[in-house]
Every structure is written in structure tokens, then in C-alpha cells.
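Reading through the C-alpha cells given below for one structure.
By convention in this document, chain letters (A, B, ...) are assigned in the order of the sequence lines, proteins followed by strands, and residues within each chain are numbered from 1.
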2 protein chains.
Amino acid sequence: MPKPEVDPTATLDLRVDRTSPVPLYFQLSQQLEAAIEHGALTPGSLLGNEIELAGRLGLSRPTVRQAIQSLVDKGLLVRRRGVGTQVVHSQVKRPLELSSLYDDLEAAGQRPATSVVVNTVVPASAEVAAALGVAEGSEVHRVERLRLAHGEPMAYLVNHLPPGLLDLDTGQLEATGLYRLMRAAGITLHSARQSIGARGATAPEAERLGEAEGAPLLTMQRTTFDDTGRAVEFGDHIYRPSRYSFEFQLLVRP
Amino acid sequence: MPKPEVDPTATLDLRVDRTSPVPLYFQLSQQLEAAIEHGALTPGSLLGNEIELAGRLGLSRPTVRQAIQSLVDKGLLVRRRGVGTQVVHSQVKRPLELSSLYDDLEAAGQRPATSVVVNTVVPASAEVAAALGVAEGSEVHRVERLRLAHGEPMAYLVNHLPPGLLDLDTGQLEATGLYRLMRAAGITLHSARQSIGARGATAPEAERLGEAEGAPLLTMQRTTFDDTGRAVEFGDHIYRPSRYSFEFQLLVRP
DNA sequence: TCAATCCGTATGTCCGGACAATCGAACCTC
DNA sequence: GAGGTTCGATTGTCCGGACATACGGATTGA
């Protein structure tokens with residue numbers, strides 16, 4: 001008795017719109033991703049060979065490969081030579097992107113509240129100058145913010161920015177996140193260097209966050225670079241570990 | 001006066017060996033990466049157009065594009081339509097890989113020492129069972145290790161593994177890291193889900209790490225999956241923040 | 001029964017070409 | 001001189017084909 005061995009993509013209603021300005025490979029990868037997310041393509045199922053899929057959609061094989069490759073890069077698919085391409089047994093969600101705390105909270109359905117404590121220009125300390133690549137003592141922006149969730153203090157954020165990059169409006173800073181402001185100003189974020197640690201709260205820190213002195217805090221330092229390599233932001237943040245932890249997914253690059 | 005506008009790749013001694021089994025695009029990307037690392041391609045410099053580069057090397061444009069794309073994915077290069085491809089102003093080192101503490105320490109030039117405290121089989125707790133996807137109460141491996149650097153306790157690592165995956169030899173566990181043992185056993189690591197937080201040390205934890213009770217600790221929980229989607233490891237680790245912090249670089253996916 | 005070999009299948013690599021979209025600079029107009 | 005426009009340069013997308021390579025199962029042999 002022969003096994004059915006149906007190609008699960010055959011039952012899918014895959015279509016591409018050649019009049020659309022959206023690239024064909026992107027249209028296909030989006031539909032495949034949606035099918036995986038939606039459960040139409042179950043984990044472990046084989047995807048059927050690229051040649052046939054290309055023929056069925058009226059696309060060339062390189063285009064189909066490009067679509068599949070983008071999902072492999074996202075960790076949703078796995079290719080095996082001589083075997084085929086199969087859906088990873090889910091569990092994968094986000095491969096760790098450079099997200100802001102604001103976006104994280106909003107994605108979690110919370111309405112983060114921010115109060116700007118300090119928004120001024122100061123001479124750069126040695127640490128800040130080194131991180132931003134400016135001269136020590138030169139003027140930089142300094143922003144201190146208290147972030148609340150459900151009315152409770154959650155984090156205290158200190159950021160330094162090089163001068164002339166962005167005009168930091170206190171109202172905007174309270175309405176949205178710093179990253180959104182930078183992106184809106186035409187800055188293309190490229191990479192960031194982060195360090196996550198822990199330490200006890202100092203007296204003023206404890207006061208601000210409503211914790212006891214010496215209480216464990218989660219700390220994060222981050223320098224963010226744009227695509228020209230310029231440092232565009234240096235942040236020194238502390239979080240209440242009872243309210244926040246860093247959650248992320250990461251992929252093994254093959 | 002006309003600007004020179006030399007193509008920096010023109011002065012490079014780029015060559016590909018067609019008799020080698022190493023893919024051509026990979027040979028090229030490696031040479032370009034080495035040139036960037038070595039300083040022959042300086043940050044900000046334009047790379048010269050793909051067509052000409054392909055012609056000079058006797059390669060087709062898709063092959064050259066594949067080489068360049070892999071470096072773009074690594075964050076070393078940036079492409080701009082109508083402009084060209086240029087080298088990112090360094091700062092980039094590792095785009096965050098799934099590394100083990102053992103490898104991290106070894107890369108930092110330290111000789112990590114490990115003492116296996118517990119290596120046994122236990123019934124899975126609810127938490128472990130959920131993480132590994134096995135039935136609660138079913139047998140799983142449990143390993144507890146104390147990791148030292150420079151003779152000082154640095155971290156206490158508790159790991160659970162599904163049965164039958166790997167035979168955990170105490171001697172091997174003390175000589176190398178868990179991830180290496182898994183890879184050596186033919187397991188292809190694919191992704192991991194991590195959570196990093198902080199809390200105060202309990203009395204037994206403080207005892208083991210040589211800290212005071214209530215001292216801030218850095219905590220990390222991780223579930224690792226292989227490329228079939230199986231959970232292959234669930235770790236619950238605590239670190240002394242004075243001795244260790246998480247450092248990594250991450251890229252903004254465009 | 002078990003091991004080595006063969007073979008079909010699917011992905012991996014590579015080619016050469018074509019046109020579109022976008023950026024930046026030179027150019028032109030007002 | 002300020003503004004918009006044209007145009008060359010470069011990457012982005014897509015095609016159709018070819019051969020190489022590795023995996024898994026079936027076949028063959030000991």
C-alpha cells in the first residue's frame with residue numbers, strides 16, 4: 001500500500017500578484033509564514049520540492065528559493081539536502097530584535113507610562129564620551145526617564161545622545177519611545193552592543209523605584225549604532241527584577 | 001580636478017580556486033571579511049560595483065551577490081541602492097550566537113574549571129516537564145555543576161535533559177561544556193529561548209557561590225531546541241554579577 | 001541476517017542575462 | 001540663487017537552465 005505523501009503546500013491557496021510592487025519572493029514567504037503561523041503547515045511536515053512549487057506558482061526556482069531562504073533565516077524552516085524542506089516544530093517566535101522597552105511593553109498589551117525626570121545638555125563624562133565617540137567634556141544630551149507599568153515603577157532609564165542628532169521634546173518622549181523618535185528622524189538603526197548584569201540598589205535608586213536599598217536590580221548598558229557606524233545612543237538602565245526580565249529567542253547560525 | 005575614486009577591492013588580491021570544494025561565494029566572502037578585519041578595507045569605503053567585481057574575478061554576479069549578502073547578514077557591510085556597498089564602521093564583532101558559558105570563558109582566555117555536583121536521573125518536575133515536552137514525573141537527567149574561574153565560584157548551573165539523548169559522563173562534563181558534548185553526539189542545535197533576570201540569593205545558593213544571603217544574583221533560564229524542534233536541554237543558571245555579565249551584539253534586521 | 005553498493009530525489013552551487021527601482025549629482029529653468 | 005528635472009550609476013528582482021552533492025531507501029552481495 002503506497003503512502004499518500006501529499007505535498008501540504010498543494011492544498012494551500014498560494015498565489016502571487018505580478019501587478020503588485022511587492023517582490024514575488026516576499027509575497028510567497030509571507031504566505032508561507034502565515035500558513036505556518038495559522039497551522040495550515042504543521043510542524044515537521046515536508047514542504048514539497050522547490051522545482052514543482054515553482055512550476056505550480058509560475059515562478060522560477062531562484063525566486064522560490066529566496067522566499068524559502070528568508071524563512072530559514074527566521075528559523076521557521078529547515079532544509080536538508082536530499083530530503084527536503086520541513087517546518088520546524090514551532091516554539092520559535094522572535095529571533096531577538098533590537099527592541100525598545102516601550103515597544104516590548106506595548107506588544108505585551110500594556111500601556112507604558114513614562115515620566116521624563118531630566119532632559120538637558122551636559123558635558124560628556126569619560127564613560128559617555130568613550131561610548132559615543134565624542135570628546136570628553138563636549139556637550140551631549142542627557143535624558144532620564146522613569147517608566148511605569150500599571151502605575152508601578154518598572155525601570156529607570158538614563159540615556160545620552162550625541163548633539164545635533166535629534167531635538168528631544170519632553171512631550172514626545174513621554175508619549176512614545178526613544179527608538180521611535182530616532183527612526184522618525186530618519187536614523188537607520190543598525191546594531192547595538194549590550195551588557196546585562198545585576199547589582200544592589202543604591203539609596204537614590206531604591207528611592208526612585210520604590211525598592212529597598214541593596215535590593216537586587218537588573219542592569220543593562222547599551223550603545224546603539226546607525227548604519228554609518230555612528231554611535232547614536234548610550235543607555236544605562238536599571239530594572240526591577242520583580243517587574244521585568246529579558247526574554248528572547250536566538251538562533252544558531254549554521 | 002577629478003577625484004581618484006579608487007575601488008578599494010581593486011588593490012586587494014582577491015582570487016578564487018575553482019578546484020576547491022569550498023563554494024566560490026564562500027571563498028570570496030571569507031577574503032572580504034578578512035580584508036575588513038585586517039584593515040585593508042577601511043570602514044566607510046565603497047566596495048565598487050558588483051558587476052565589475054564579478055568580471056574581475058571571473059564570477060557571475062549572483063555569486064558575488066551571495067558573497068556580499070552573507071557579509072551584510074553578518075552586519076559587516078551595508079548596501080544602498082543607487083549608491084553602492086560600503087563597509088560598516090566596525091564596532092561589530094559578534095552578532096550574538098548561542099554560546100555556552102564554557103566557550104565564552106575559553107574565548108576570554110580563561111581556563112574554566114567545572115565540578116559536577118550532581119549527575120543523576122530524577123522524575124521531571126512540572127516546570128522541567130513543560131520545558132522539555134515530556135510527561136511530568138517521567139525520568140530525566142539532572143546535572144548540577146559549579147563553574148569556577150581563577151579558582152573562584154562564578155556560576156551554579158542546573159540542567160535537565162530528556163532521557164536517551166546523550167550519556168552524560170561526569171568526567172567529560174568536567175573537561176568540556178555541555179553544548180560541545182551535545183554537538184559531538186550529533187545533535188544539531190537550532191534555537192534557544194532565554195530569560196535573563198535577577199534576584200537575591202537563597203541561603204544554600206549563597207553558600208555554594210560564596211556570597212551573602214540576599215546578595216544580588218544574575219539568573220538565566222534557557223530551553224534549547226534542535227533542528228527537529230525537540231527540546232534537548234533546559235537550564236536554570238545563577239551567576240555572581242561581580243564575576244559575570246551577559247555581553248552581546250545584536251543587529252537590526254532590515 | 002547483515003553489510004556494502006547503487007540510485008532516485010531534493011537541495012546546493014553557479015551561470016548569463018534582463019529590466020525595474022532608487023539614489024545622488026549634474027543640469028536646467030525660473 | 002533656489003528650485004525642480006534629467007540622467008547615469010548601482011543595487012533589487014527575476015528568469016531558465018545546468019551540474020554537483022548529499023541523503024535515504026532499495027537492491028545486491030557476503
[X] [atom1] to [N] [atom2]: how many Å, rounded?
X: B:R61; N: D:dA9; atom1: CZ; atom2: C1'; answer: 12 Å
X: B:Q69; N: D:dG12; atom1: CD; atom2: C1'; answer: 10 Å
X: B:L47; N: D:dT10; atom1: CG; atom2: P; answer: 12 Å

How would you list all residue pairs meeting salt bridge (charged side-chain N to carboxylate O under 4.0 Å, His left out) that involve residues 75-88 of chain B, not counting sequence neighbours?
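Matches after skipping sequence neighbours: A:D227-B:R80, B:E50-B:R79.
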Using side-chain hydrogen bond (donor to acceptor under 3.5 Å, both in side chains) as the criterion, list what pairs up with B:S195, not counting sequence neighbours.
A:E247
With sequence neighbours left out, what residues match B:D169 under side-chain hydrogen bond (donor to acceptor under 3.5 Å, both in side chains)?
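Result, side-chain hydrogen bond (donor to acceptor under 3.5 Å, both in side chains) vs B:D169: none returned.
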Treating A:Q31 as the side-chain partner and A:R15 as the backbone partner, does any N or O pair qualify as donor plus acceptor under 3.5 Å?
yes
Using only atom types and a distance under 3.5 Å, with no angle test, would you say the side chain of B:Q194 pairs donor to acceptor with the backbone of A:F248?
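No, B:Q194 side chain to A:F248 backbone: no donor-acceptor pair under 3.5 Å.
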Contact boundaries of DNA chain C with chain A (under 4.0 Å, heavy atoms), 5' to 3'?
C:dT9 to C:dT13
If you pin A:L59 and B:R65 to their nearest nucleotides in DNA chain D, which one's is more 5'?
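First, find each residue's nearest nucleotide; the 5'-ward one identifies B:R65.
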Report the residue (B:R79 or A:R18) whose heavy-atom-nearest nucleotide on DNA chain D is the more 5′ of the two.
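In this pair, the answer is B:R79.
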Inter-end axis angle, the helix from C:dT1-D:dA30 to C:dC30-D:dG1, with every axis fitted to five base pairs (rounded, 10 degrees):
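Answer for the end axes of this duplex: 10°.
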Only counting residues at least two apart or in another chain, list the ones meeting side-chain contact (heavy atoms from CB on, under 4.5 Å) with [X].
X: A:S45; result: A:P8, A:T42, A:V87
X: B:V16; result: B:L24, B:Q27, B:L59
X: A:P162; result: A:L132, A:L165
X: B:P23; result: B:Y25, B:F26

Sorted by number, the residues of residues 21-34 of chain A with heavy-atom contact under 4.0 Å to DNA chain C
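Under 4.0 Å from DNA chain C: no residue of residues 21-34 of chain A.
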Can you confirm whether the side chains of A:H237 and A:N159 place a donor and an acceptor under 3.5 Å from each other?
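Short answer, yes.
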Can we say B:R145 and B:E174 salt-bridge, meaning some charged N sits less than 4.0 Å from an Asp/Glu carboxylate O?
no
Counting only heavy atoms not in B:Q30, do more than 12 fall under 6.0 Å of its CD?
yes
Can you find a side chain N or O atom of A:T63 that sits less than 4.0 Å from OP1 or OP2 on D:dT13?
no
Atom pairs, N/O to N/O, protein against nucleotides 23-27 of chain D, distance under 3.5 Å?
residue: D:dC23; atom: O4'; partner: A:R81; partner atom: O; Å: 3.3

Mind checking what makes ring-ring contact (aromatic ring centres under 6.0 Å, His included) contact with A:F246, not counting sequence neighbours?
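A:F246: ring-ring contact (aromatic ring centres under 6.0 Å, His included) contacts with A:Y239, A:Y244.
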